[in-house]
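Below is one structure; the comments refer to it alone.
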2 protein chains.
Amino acid sequence: MIKYSVVIVDDHTLLSQAIAAMVNTFEKFKVLYTCKNGQELVDQFSSSPKFIPDVVLMDINMPIMNGIETTEWITKNHQDVNVMALSVEDEDTTILKMLKVGAIGYLLKDTEKSVLENALVEIAENGFYHTKNVTNLLMKSLSGNGKEEIILNDRQVAFMKHACSELTYKEIADIMCLSPKTIDGYRDVLFTKLNVKNRVGLVMYAIKNKIYTP
Amino acid sequence: MIKYSVVIVDDHTLLSQAIAAMVNTFEKFKVLYTCKNGQELVDQFSSSPKFIPDVVLMDINMPIMNGIETTEWITKNHQDVNVMALSVEDEDTTILKMLKVGAIGYLLKDTEKSVLENALVEIAENGFYHTKNVTNLLMKSLSGNGKEEIILNDRQVAFMKHACSELTYKEIADIMCLSPKTIDGYRDVLFTKLNVKNRVGLVMYAIKNKIYTP
DNA sequence: TATAAAAAAGGTGTTTTTCCTGTATAATTA
DNA sequence: TAATTATACAGGAAAAACACCTTTTTTATA
């Protein structure tokens, strides 16, 4: 029986090894190799056609070259390779980003073994797989029904980062070379835009959305 | 051959299943079951002595009951069980906390399969295992070179958690059934104790030290 | 270039936070 | 038992945060 080849990309060696072993127990699949980050995968792909698999299981948070960048590279240069995101992240914006750059599936790491197997089969044979939450997200996204994604501009992002420090707004104003009143404005706009009540809300939003990393 | 029994605690089902499968390939080990969080483990332990393993592989970041709280519970109630932390975290304070509450080993998730096996053998047979970075950390800590640890009591921890929400101090006072002035006191004490300037500082401390998980 | 939109800044007032200095009381300990 | 410590609470003042509403300046663009 011809098995579909799989490559796993994850910076946590132990996990990629463990998942590789698991995938190898699946009847229809065989792990070609694993990578620690996107750069390693690019190198492998480029070295020989032998190293181009049918499916890539892609983590998102990785050093050097993350899952989004890597997926973008794959779909540009190897359109026949199917990428499935495999992440701990449940953030709408992250999922949408992965799908936008060409991932055809998105699995959370807290799914069951059987779900992973089904997903791999779907992807290898039908070319797509989506969990319910992703499907719903896509529906919402298409129908414009879902939360329209909140986009912060550069200055707002800069402000948010400062807001996560122990600086007062006045001090933030000084650093950003703006009037305290302008900073007041930034804050007020973001309060309504992000739907938070106070500075703690800003901080939490920034952390959850990776604007600031503690 | 009698195998050591292992329990794996990790909120990412796929990962705990994969690691479980891996551990089951180790000659001397056998996975009893896996848990999604500390609460599940406590329930299992409490239900029957059959479900008390030789070794627990413990993730740190988990919902409901995290690795630190869970390890503390285990070492209090089941001193014969050896806990090894298995985390993506490389933070000194987190590692120290895990060791403080009784973990006898600390492994990062980006280690090799063979390292995990060796570590398990060491733990099961000798009762301890430490990677070099942990050993160095302990040396520093013992020689008094490391920062002396800050201990918060239960009510301070409760306050800290509330401080990470968007509640005002007055609202926190209501929830905790204390006078707003008492809450003022808690805050002021923690400001100096944790060496922070304002509420954002409290929030950051709480997050970094896993008192609050965003 | 006229004009609409966005960014920056100002005015004013309220609420919350922060920072003091104290008091009372129960528990701990010398 | 006396002293110490920890906890709960109070008053008041100054600083910061928050809210809302207006005006000026830039920027984009039709």
Side-chain angles (χ1 to χ4, degrees), chain A residues 93 144 147-209 211-212 214, chain B residues 69 72 76 97 100-101 147-209 211-212 214:
Chain A
T93 51
K147 310 159 202 164
E148 41 207 291
E149 93 189 278
I150 298 169
I151 298 166
L152 305 187
N153 63 39
D154 293 351
R155 297 295 273 174
Q156 286 174 329
V157 170
F159 165 77
M160 286 289 277
K161 285 180 181 171
H162 288 307
C164 292
S165 74
E166 295 183 23
L167 299 169
T168 67
Y169 288 121
K170 183 169 163 8
E171 289 167 333
I172 295 174
D174 285 346
I175 289 174
M176 293 182 71
C177 296
L178 291 170
S179 151
K181 279 298 173 183
T182 307
I183 293 296
D184 276 6
Y186 276 67
R187 183 198 54 213
D188 293 351
V189 165
L190 287 171
F191 276 3
T192 54
K193 195 168 180 176
L194 308 180
N195 196 34
V196 299
K197 281 190 173 63
N198 53 35
R199 192 158 164 182
V200 176
L202 286 187
V203 170
M204 287 307 165
Y205 182 93
I207 292 172
K208 283 180 188 158
N209 291 276
I211 292 169
Y212 181 86
Chain B
E69 294 165 330
E72 197 167 16
K76 258 189 195 146
K97 251 182 210 159
K100 182 85 199 301
V101 296
K147 307 158 201 167
E148 47 200 293
E149 62 189 318
I150 297 166
I151 297 166
L152 305 187
N153 63 39
D154 292 352
R155 261 174 271 85
Q156 285 173 331
V157 170
F159 165 77
M160 286 288 277
K161 285 180 181 171
H162 288 307
C164 292
S165 74
E166 295 183 22
L167 299 169
T168 66
Y169 289 122
K170 181 168 168 5
E171 290 166 334
I172 295 175
D174 286 345
I175 290 173
M176 293 181 70
C177 296
L178 292 169
S179 150
K181 280 299 176 184
T182 305
I183 293 296
D184 277 6
Y186 276 69
R187 182 198 55 215
D188 294 350
V189 165
L190 287 171
F191 276 4
T192 54
K193 194 167 181 175
L194 307 181
N195 195 33
V196 300
K197 281 189 171 62
N198 52 36
R199 190 159 166 180
V200 176
L202 286 187
V203 170
M204 287 306 165
Y205 182 92
I207 292 172
K208 282 181 188 157
N209 292 276
I211 292 169
Y212 181 85

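Owing to the predicted nature of the structure, the values given are computational and were not obtained by experimental measurement. Computed over heavy atoms, backbone and side chain alike; hydrogens, waters and symmetry mates excluded. Lettering follows sequence order; numbering is per chain, from 1.
- Taking atom CG of residue Asp188(A) and atom P of nucleotide dA9(C), one finds them 15 Å apart after rounding to whole Å.
- Atom CG of Leu152(A) is separated from atom P of dA7(C) by 12 Å (rounded to the nearest Å).
- For the pair Pro214(A) and Met204(B), the tightest heavy-atom approach, listed with the atom from each and the gap, is CB-SD, 4.4 Å.
- Nearest to the side-chain atoms of Ser179(A) among the listed nucleotides dA9(C), dC20(D), dA10(D) stands dA9(C).
- Contact of Lys181(A) with dT12(C) (side chain to base): a donor-acceptor pair of N or O atoms is detected under 3.5 Å.
- Rounded to a whole Å, the CG atom of Leu190(A) is 13 Å from the P atom of dA19(D).
- Here the side chains of Val203(B) and Arg199(A) are not in contact, with every heavy-atom distance at 4.5 Å or above.
- Between Thr182(B) and dT7(D), a side-chain N or O to OP1/OP2 separation shorter than 4.0 Å is absent.
- Regarding contacts with the backbone of dT15(C), every side-chain N or O of Thr168(B) stays at 4.0 angstrom or more from both OP1 and OP2.
- Using the six-membered ring where Trp is involved, Phe159(B) and Tyr169(B) have ring planes that are parallel, under 30° apart on the 30 and 60° scheme.
- Using a 4.0 Å cut-off, no side-chain N or O of Asn198(B) falls inside it from OP1 or OP2 of dC19(C).
- In this structure, Asp184(B) places its CG atom 16 Å from P of dA13(D), rounding to the nearest Å.
- Between the CZ atom of Phe159(B) and the P atom of dA6(D) there is a distance of 19 Å, rounded to whole Å.
- Distance Lys170(B) NZ to dA17(D) P: 22 Å, rounded to the nearest Å.
- Closest to the Leu178(B) side chain, of the nucleotides dC20(C), dA17(D), dA8(D), is dA8(D).
- Candidate nucleotides dC9(D), dT18(C), dG11(C) were compared by shortest atom distance to the side chain of Phe191(B), and dT18(C) ranks first.
- Phosphate contact (OP1/OP2 of dT15(C), side-chain N/O of Tyr169(B), threshold under 4.0 Å): absent.
- Phosphate contact (OP1/OP2 of dT17(C), side-chain N/O of Arg199(B), threshold under 4.0 Å): present.
- Note on Tyr186(B): a side-chain N or O is less than 4.0 Å away from OP1 or OP2 of dA8(D).
- For the pair Leu167(B)/Asp174(B), no side-chain contact is recorded, criterion being any heavy-atom separation below 4.5 Å from C-beta on.
- Spacing between atom CG of Leu167(B) and atom C1' of dA17(D) amounts to 16 Å, rounded to whole angstrom units.
- Comparing atom distances between the Arg155(A) side chain and each of dC18(D), dA8(C), dC19(C) picks out dA8(C) as nearest.
- Considering Leu202(B), Asn209(B), Val189(B) as possible partners of Leu194(B), the one that fulfils the side-chain contact (heavy atoms from CB on, under 4.5 Å) test is Leu202(B).
- Side-chain proximity of Arg187(A) to the nucleotides dC18(D), dC19(C), dC9(D) is greatest for dC18(D).
- The CG-C1' distance, from Asp174(A) to dA16(D), rounds to 14 Å in whole Å.
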